[in-house]
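Contents: one structure, followed by commentary.
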Amino acid sequence: TITPQVATNVWTFSTPFTRLRLFRIGGRSTAIKLASGDVWVLASTPLTAETKATIDRLGPVKFVVGPDSVHHLFLGEFFHRAYPNAQLLTVEEVVEKKKDENLNWHGYWSDSNREPVFGFEDEIKSCYFSGFRNKDVAFLHAPSKTLIVADLIFNLPATEQYSSSRFGSGLPLLSRFSRLNPYTGLHHGLTKALGVNIAAMRRDVKTVASWDFNRIIPCHGDVIEVDGHKAWRAAYQMYLN
């Protein structure tokens, strides 16, 4: 696991991840130390010993977040077991998918409750994309001007996430996909395909576009360190025009 501090009070945890045994898109979790000293975690990767040691040094984990309907594999078995007193948060679809795991959910985003309040909103804003197929939630860490997303933005190749792997991040037979980033036509096609409600997408894309951020931390691909706002507008231009 690669565990850099990317900004003041913001750490990422990057690992290789291959979708369908073919697409090397990488995986990334993010931890934020709040002003209270508590820790907020977007949990998208395995809780390795190295990841847990880094998180534990930051402070007590108060929030464990699943950011959409598909990034939930490690919520229960790894993070909830390790931090049973943390508030476990996700989207409604995940609560239904994992109902047999007897997880203690504190709350969730849903089409009928798009703006729940959990206690971190002074520092971390959220926007629930009800019109996006995977029901993603975008997060803004306002103090560091950092946007944190799951499947709303891809920035391939996943160079950092495969930097410690014997496999490279490139895809020789799928070179077009391996360059999936916010400025490509492929990304524009993907955002169009995953948008299942145009009016809702326009509303939520414009909400994120109104936020003040420069950096984007995606789950898949390299962190966008500068011009993140420009990258967001490029990826979602069809909903902004």
Side-chain angles (χ1 to χ4, degrees), residues 6-7 9-10 12 28-30 32 34 40-44 63 65-71 89-94 107-118 120-156 180-241:
V6 299
N9 293 326
V10 181
T12 59
R28 180 179 290 108
S29 295
T30 300
I32 295 174
L34 303 172
W40 178 99
V41 180
L42 185 151
S44 177
F63 305 101
V65 179
D68 66 11
S69 65
V70 295
H71 288 76
L89 312 172
T90 189
V91 297
E92 185 175 22
E93 283 78 0
V94 173
Y108 52 83
W109 289 265
S110 68
D111 289 4
S112 61
N113 189 18
R114 297 180 53 253
E115 300 180 356
V117 176
F118 299 120
F120 51 73
E121 289 76 18
D122 286 346
E123 294 175 70
I124 302 175
K125 297 181 181 180
S126 69
C127 180
Y128 170 74
F129 278 68
S130 62
F132 194 73
R133 187 180 306 278
N134 292 348
K135 302 292 186 179
D136 279 53
V137 184
F139 299 96
L140 172 70
H141 181 235
S144 67
K145 297 186 178 182
T146 300
L147 179 68
I148 306 165
V149 295
D151 287 343
L152 290 167
I153 292 287
F154 289 78
N155 190 38
L156 303 181
L180 178 65
N181 69 65
Y183 299 98
T184 62
L186 183 61
H187 202 300
H188 301 161
L190 183 65
T191 55
K192 180 179 181 180
L194 292 175
V196 295
N197 183 314
I198 293 177
M201 286 294 293
R202 284 176 174 162
R203 176 195 65 207
D204 299 329
V205 165
K206 289 178 180 178
T207 293
V208 173
S210 73
W211 290 349
D212 182 12
F213 61 91
N214 191 43
R215 178 187 297 103
I216 299 179
I217 300 177
C219 282
H220 308 298
D222 286 351
V223 173
I224 300 173
E225 291 287 357
V226 295
D227 292 332
H229 202 276
K230 179 181 177 182
W232 177 263
R233 297 184 70 88
Y236 286 95
Q237 57 183 307
M238 69 167 291
Y239 297 108
L240 291 169
N241 295 335

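- When atom types are taken as modelled, the side chain of Lys135 and the backbone of Asp68 share no donor-acceptor pair closer than 3.5 angstrom.
- Of all heavy-atom pairs between His220 and Ala150, the closest is CD2-O, 4.0 Å.
- Two residues are said to be in side-chain contact when any heavy atoms from C-beta on lie closer than 4.5 Å; Ile217 and Thr12 meet this criterion.
- For Arg203, the CZ atom is densely surrounded, since the number of other residues' heavy atoms within 6.0 Å is greater than 12.
- Remark: side-chain polar atoms of Arg133 are paired, donor with acceptor, to backbone N or O of Ala193 under 3.5 angstrom.
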* **Ser144 and Asn9: CA distance, side-chain angles, deciding distance, side-chain contact (heavy atoms from CB on, under 4.5 Å) verdict** => CA-CA 8 Å; Ser144 67; Asn9 293 326; over 6 Å; no
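- Between Arg28 and Pro218 there is a side-chain heavy-atom pair separated by less than 4.5 Å.
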* To do: Apply side-chain contact (heavy atoms from CB on, under 4.5 Å) to Arg114 and Asp204, showing your working.
  => CA-CA 11 Å; Arg114 297 180 53 253; Asp204 299 329; 2.7 Å; yes
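- Residue pairs meeting the ring-ring contact (aromatic ring centres under 6.0 Å, His included) criterion with at least one member in residues 188-211: none, sequence neighbours excluded.
- By the 4.5 Å heavy-atom criterion applied to side chains, Asp151 and His71 are counted as neighbours.
- Residues Val208 and Ala138 share a closest heavy-atom pair of CG2-CB, 4.0 Å.
- To the nearest 0.5 Å, atom CE of residue Met201 and atom CG of residue Leu240 are 10.0 Å apart.
- In this structure, the separation between CG on Asp136 and OH on Tyr128 is 10.0 Å, given to the nearest 0.5 Å.
- Rounded to the nearest 0.5 angstrom, Tyr236 OH and Ile153 CD1 are separated by 5.0 Å.
- Counting only distance, with no hydrogens or angles, the side chain of Asn155 and the backbone of Asp222 share a donor-acceptor pair below 3.5 Å.
- Note: Glu123 CD to Trp40 CH2 = 11.5 Å, rounded to the nearest 0.5 Å.
- The structure places OG of Ser130 at 12.0 Å from CG of Asn113, a figure rounded to the nearest 0.5 Å.
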* Asked: Could you walk me through whether Val65 and Trp109 pass the side-chain contact (heavy atoms from CB on, under 4.5 Å) check?
  -> CA-CA 11 Å; Val65 179; Trp109 289 265; 4.2 Å; yes
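- Going from atom CG of Asp212 over to atom NE2 of His229 covers 7.5 Å, rounded to the nearest 0.5 Å.
- Ring pair Phe213/Trp232 is perpendicular by interplanar angle, where above 60° counts as perpendicular and below 30° as parallel.
- Shortest non-hydrogen contact noted between Ala43 and Pro67 is O-CD, 4.4 Å.
- Here the side chains of Asp122 and Leu34 are not in contact, with every heavy-atom distance at 4.5 Å or above.
- Checking Val223, Ile224, Leu147, Ile148 one by one against Arg215, the side chain to side chain contact (heavy atoms under 4.5 Å, CB included) holds for a single residue, Val223.
- The aromatic rings of Phe120 and Phe118 sit tilted, their planes meeting at an angle between 30° and 60°.
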* How far apart are the C-alpha atoms of Cys219 and Leu42, what are their side-chain angles, what is the distance that settles it, and do they pass the side-chain contact (heavy atoms from CB on, under 4.5 Å) test? -> CA-CA 10 Å; Cys219 282; Leu42 185 151; 4.0 Å; yes
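- Between the side chain of Asn181 and the backbone N or O of Tyr183 there is at least one donor-acceptor pair closer than 3.5 Å.
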